[in-house]
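First listed ligand is number 1; within each ligand, the first listed atom is number 1.
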Amino acid sequence: MSQLLDGNAVRDQIKAECRPRIECLLAHAGRAPGLAVVLVGENPASQVYVRSKTKTAAELGIYSETITPDASITTDELLQQIQVLNSRPEIDAILVQLPLPSHIAEQTILLAVAPEKDVDGFHPYNMGLLATGRPGLRPCTPAGIIQLLKRYQLPISGRHAVVVGRSTIVGKPMAFLLLAENATVTICHSRTRDLEDVCRQADILVAAIGRAALITGTYIKPGAVVVDVGMNQVTDPAEAERIFRPDRLAAFAKRGSMLVGDVHPGDVERLASAYTPVPGGVGPLTIAMLMQNTIEAAERRTGLPPSQC
Ligand code: GUN
């Protein structure tokens, strides 16, 4: 029997741990943590993610505001808006939702966010802290995955972890976080030869590729722990037939599309010792960790570690 790793349950635990820290900040610093989200343009998926982030912030009593420049904003104009947020004392945390429109210099924007307010952990300074094993703000999705593994008491130390994907958001920071937990880490990407063979060596397999159910049974060592970061909409009926069991195909026919991860759902359930479902696995953890990072940034900026409460 394989164990389902419930991201919603871990999200609820993390959120519950956030509440007393927010109360402590209110009592001792006289204000709630403040989060500013910058959402450029009208990407529908980004709008959904950002709404979910600000809704969770409100639920916890974190102050948040969303800045929504038009898609036509220039890099220089956006840089000015970031500078304003950097200088506002009541804003502890700044998040620039990605992807940005293609005419904007994404690296320049991410570099402009003050590192102590960079709750995504994407600034090269924070990436450098991570790579050199120093404390700092960590990218939310991979940090959430470490929390999930630890809270389910799945051992990491000494295990061979294979990370498929080398993005700044997930793959690279995931590899460093696993390394910091003493895993032996392999990073795979689009040029990796014999991807299937490398994945099959993994005790812990993290799939962050963005390709629907690419990781099938032949990529999974029986008994492995499999973490699926993918969120892909399947609309092609032939593809749906390859991925979903007959009982779920009915739902697909009704809706015309279904969400699937990077891992084949039936194969992972059959082979893994533990795995994250899609939806309900990694997704909920990202927002919980964003709340935790926002609180951490506020604690550092106000000089109030939680031990003071
Ligand atoms: N787009 C997809 N995931 C993320 C994330 O974790 N942070 C930001 N800023 N943008 C994203």
Side-chain angles (χ1 to χ4, degrees), residues 7 11 14 35-57 62 64-69 71 73 75 78-79 81-82 85-86 91-102 104-115 117-127 130 136-148 163 165-177 206-211 227-233 259 261-262 276 278-279 281-294 296-297:
R11 172 202 58 200
I14 295 170
L35 167 68
V37 180
V38 180
L39 171 62
V40 181
E42 298 191 348
N43 178 321
S46 291
Q47 286 172 329
V48 171
Y49 291 139
V50 167
R51 257 199 302 278
S52 218
K53 289 170 185 180
T54 52
K55 189 170 156 248
T56 308
I62 292 175
S64 81
E65 62 187 48
T66 307
I67 292 140
T68 54
I73 193 169
T75 298
L78 190 54
L79 278 175
Q81 301 222 6
I82 303 282
L85 295 173
N86 283 345
I91 296 295
D92 299 293
I94 302 169
L95 179 148
V96 182
Q97 186 66 25
L98 302 178
L100 289 169
S102 56
I104 292 180
E106 187 170 295
Q107 292 300 331
T108 309
I109 297 297
L110 296 182
L111 196 63
V113 175
K117 297 190 179 187
D118 168 38
V119 267
D120 261 327
F122 295 163
H123 191 288
Y125 178 80
N126 285 318
M127 283 285 178
L130 167 60
L137 292 164
R138 307 301 198 214
C140 301
T141 302
I145 291 168
I146 296 289
Q147 284 300 313
L148 183 80
V163 180
R166 55 175 158 178
S167 69
T168 308
I169 298 180
V170 183
K172 277 187 203 142
M174 183 79 258
F176 279 119
L177 286 168
V206 181
I209 322 151
R211 296 265 304 273
V227 177
D228 190 351
V229 187
M231 297 249 274
N232 311 289
Q233 281 295 341
L259 186 67
D262 292 345
T276 59
V278 175
V282 171
L285 300 172
T286 302
I287 296 179
M289 295 311 289
L290 172 65
M291 300 301 121
Q292 204 184 80
N293 276 356
T294 299
E296 204 167 303

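- Residue contact check: Leu95 has heavy atoms under 4.0 Å from atoms 9 (N) of ligand 1.
- Counting atoms of ligand 1 from 1 in the listed order, those under 4.0 Å from a heavy atom of Val96 are 8 (C), 9 (N).
- Remark: of the listed residues Leu111, Leu137, Leu110, Leu111 is the sole one forming a side chain to side chain contact (heavy atoms under 4.5 Å, CB included) with His123.
- The N/O atoms of Asp120, backbone and side chain alike, include one that comes under 3.5 Å of an N/O atom in ligand 1.
- Two residues are said to be in side-chain contact when any heavy atoms from C-beta on lie closer than 4.5 Å; Thr141 and Met289 fail this criterion.
- Of the protein's non-hydrogen atoms, Gln97 NE2, 3.5 Å is the one closest to atom 11 (C) of ligand 1.
- Between Leu130 and Asn126 there is no side-chain heavy-atom pair separated by less than 4.5 Å.
- Within the 4.5 Å cutoff, no side-chain heavy atoms of Thr54 are placed close to those of Glu65.
- Here the protein heavy atom with the shortest distance to atom 10 (N) of ligand 1 is Leu98 N, 3.0 Å.
- Between Ile67 and Val37, every side-chain heavy-atom pair lies at or beyond the 4.5 Å cut-off.
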